[in-house]
J.: 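The structure under discussion is supplied below as structure tokens; questions concerning it will follow.
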Protein chains: 2
Amino acid sequence: MPATRKALRPRTRTEKVHAALRRAILEQRLDPGVRLPEDMIGESFGTSRTIAREALGRLAVEGLVELIPNRGAFVANPSLDEGREIFVVRKGLERMVVLQLAARMTPEIARTLQSLVENEAILASRSEAEAIRLAGEFHLRLAALTGNSLLLRYVTEVVSRCSLVLAMYGRPHSADCAVNEHLLLVAALTAGDGDRAAGLMDEHLDSVAGRALIGQRPNGDIQSVLASFANRSDLA
Amino acid sequence: MPATRKALRPRTRTEKVHAALRRAILEQRLDPGVRLPEDMIGESFGTSRTIAREALGRLAVEGLVELIPNRGAFVANPSLDEGREIFVVRKGLERMVVLQLAARMTPEIARTLQSLVENEAILASRSEAEAIRLAGEFHLRLAALTGNSLLLRYVTEVVSRCSLVLAMYGRPHSADCAVNEHLLLVAALTAGDGDRAAGLMDEHLDSVAGRALIGQRPNGDIQSVLASFANRSDLA
DNA sequence: TGCCGTGAAATTGCATGCAATCGGATCGGC
DNA sequence: GCCGATCCGATTGCATGCAATTTCACGGCA
């Protein structure tokens, strides 16, 4: 029974708020630089400040939130230079992913990859938020397939922050990934050609990052945004 | 005004305990798997459980502590497989470091590197804890010199966790770095030969990881260990 | 008008308190 | 003697309260 390993741990409120806030930031529902008062977050999720405070502290460790003592918490607001740094790291990490993957390619993984790109083409264009989420999803799946949990964690983080950077400095839709590029990549991977895959991945990421230019659009008030995320993370 | 810099942000107690605990774990003063009760930590640092709790939550995000809901916090206890995963990621990250560094080599950086290895040879063997700290220090400095703060953060994390892994599965002193290997590396770097440096770094890390074998030794009670760290992090 | 104290409101940092949950000891049944 | 149910102490999860700090508006003064 390889089904449920250790999955169903009792999640604490802190974990839920942490996860919900992360989603909200990564889906660009909370603009970079926006202030995140503890009171308001607690109120939005129906908890006390304590919970909000802990969640913010953890998000700060992840680099998604900036915590300034006695001043408050803010959605991370990376400079363009920091954005570039993040992309550099991402490229390095994703290179590891494809190399690892190509090295330990199996028919089963190959099949999984195939179905991945197929589904991607189908789900491609639904909602804006969905598109953003989907853009990173492929890369996350790839990382997950390496079986290296730390690598997955890091890739998750950089993919997240890259979409944040693109939200700030890219034009609209620049966070989207070209499906055909993914297709080429999968072809190289299933062929076990790690070097070629690494090259393709590099190009792919360059093409994503290359779209960085402008784009600015503020969101409405924070509370209404968080309300929708609070619903999703309702305790059963 | 007397040059009281405001650059020094006021550190919160949470941050201090967070940092102190991290040091304690990374210097192997707290053995992997050891339980970390909130009460005891708070007491050790002269704060309430609230602070200890927040610090533990943040350490969990960093992967240095495992947090089990309703059960408590434990010093991370990576399996041998997880240890290998961490080393894989570390090698990839440090490859980025040397490539970046070789690419943007300047006379000043070269000088810094030189003095780094020289000091290293001098300080090499003082105390056990110092040796452990020093082992990672060189790699951290390298990462810092890239100017990429995210890369630095990740390298910091993996170096930390690698020393933890070595504490568990390596023989004593296996966390130490060979100074002469560092010397060769610096030579390649200052020559701007990124590929060669990358190769050397790979070998270097393999030689460190290769020493993984056995080794087991529990530390005394937690409180006495934490006491020394509490002193260091006293608020001035 | 512009600048700089001054004070009040807002917000954070932290401690404490209480209910919920877990682990282990005890005890009874087989 | 071994195993499972039951209770109790220990510890966590979370909310609330209070002091400290920051922010911001106001008003005096040049």
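A note on names: the letters A, B, ... follow the listed sequences, proteins ahead of strands, and every chain is numbered from 1. The basis for the numbers below is simple: all heavy atoms, side chains too, and nothing from hydrogens, waters or symmetry mates.
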J.: State which residues pass side chain to side chain contact (heavy atoms under 4.5 Å, CB included) with A:Ser149; sequence neighbours excluded, sorted by chain then number.
T.: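 B:Glu85.
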J.: Given C:dC14, D:dG13, D:dA15, identify the nucleotide with an atom nearest to the side chain of B:Ile51.
T.: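 The answer is C:dC14.
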J.: Of the nucleotides D:dT12, C:dC14, C:dT12, which one has an atom closest to the side chain of A:Glu38?
T.: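 Per side-chain heavy atoms of A:Glu38, the pick is C:dT12.
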J.: Measure from CZ on B:Arg11 to P on C:dG13 and round the result to the nearest Å.
T.: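 Whole-Å distance recorded here is 14 Å.
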J.: Can you tell which of D:dT22, C:dG13, D:dT11 lies closest to the side chain of A:Arg71?
T.: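 Closest nucleotide to the A:Arg71 side chain: D:dT22.
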J.: Please give, in whole Å, the distance from D:dA15 P to A:Glu54 CD?
T.: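 From A:Glu54 CD to D:dA15 P: 10 Å.
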J.: Return the 5'-most residue of the pair B:Gly72, A:Thr47 with respect to DNA chain D, ranking by each residue's nearest nucleotide.
T.: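 By nearest-heavy-atom nucleotide position, the 5'-most residue is B:Gly72.
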J.: Does the B:Arg49 side chain pair with the main chain of B:Gly42, one donor and one acceptor, at a distance under 3.5 Å?
T.: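 Side chain of B:Arg49 to backbone of B:Gly42: no pair is present.
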J.: Taking the minimum atom-to-atom distance to the side chain of B:Ser48, which one of D:dC14, C:dC14, C:dA15 wins?
T.: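 Closest nucleotide to the B:Ser48 side chain: C:dA15.
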J.: Hey, does B:Thr50 reach any base, or is it just sugar-phosphate, or nothing, if we go heavy atoms under 4.0 Å?
T.: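 Here B:Thr50 touches the bases of the nucleic acid.
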J.: Treating B:Gln100 as the side-chain partner and B:Val97 as the backbone partner, does any N or O pair qualify as donor plus acceptor under 3.5 Å?
T.: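 No: the side chain of B:Gln100 does not pair with the backbone of B:Val97.
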J.: OP1 or OP2 of C:dC22 less than 4.0 angstrom from a side-chain nitrogen or oxygen of B:Arg35, does that happen here?
T.: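 Indeed not, no polar side-chain atom of B:Arg35 lies that close.
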J.: Grab the CZ-C1' distance between A:Phe45 and D:dA15 for me, whole Å please.
T.: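 Rounded to the whole Å, the gap is 18 Å.
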J.: What is the distance, rounded to the nearest whole Å, between atom CG of B:Asp39 and atom C1' of C:dA15?
T.: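 For the pair B:Asp39 CG and C:dA15 C1', the rounded distance is 13 Å.
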J.: Is any side-chain nitrogen or oxygen of A:Thr14 closer than 4.0 Å to OP1 or OP2 of D:dC14?
T.: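 Looking at the OP1 and OP2 atoms of D:dC14, one of them is under 4.0 Å from a side-chain N or O of A:Thr14.
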J.: For A:Asn70 and D:dT22, give me the distance from atom CG to atom P, rounded to whole Å.
T.: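 Spelled out: CG on A:Asn70 to P on D:dT22 is 5 Å.
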J.: Is the backbone N or O of A:Arg71 less than 3.5 Å from a side-chain atom of A:Arg35, with the two atoms forming a donor-acceptor pair by type?
T.: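 Confirmed, A:Arg35 side chain pairs with A:Arg71 backbone.
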J.: B:Leu67 CG to D:dG13 P: how many Å, rounded?
T.: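 Distance check: B:Leu67 CG to D:dG13 P gives 7 Å.
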J.: For the side chain of B:Arg49, starting at C-beta, report the closest nucleotide among D:dG13, C:dG13, C:dC22.
T.: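 Nucleotide nearest to B:Arg49's side chain: D:dG13.
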J.: Taking atom P of C:dT11 as reference, at what distance in whole Å does atom CG of A:Leu36 sit?
T.: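 So the two atoms are 13 Å apart, to the nearest Å.
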J.: Just wondering, are more than 12 heavy atoms of other shown residues or ligands nearer than 6.0 Å to CZ in A:Arg141?
T.: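 12 or below, so no.
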J.: Consider the side chain of A:Arg13, meaning its heavy atoms from C-beta on, and name the nucleotide among C:dA15, D:dA15, C:dG13 that approaches it most closely.
T.: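 The answer is D:dA15.
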J.: Between B:Glu43 (CD) and C:dA15 (C1'), how many Å, whole number?
T.: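 Between C1' of C:dA15 and CD of B:Glu43: 15 Å.
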J.: Which nucleotide, D:dG13, C:dC14, C:dG13, lies nearest any side-chain atom of B:Pro69?
T.: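 Ranking D:dG13, C:dC14, C:dG13 by closest atom to the B:Pro69 side chain puts D:dG13 first.
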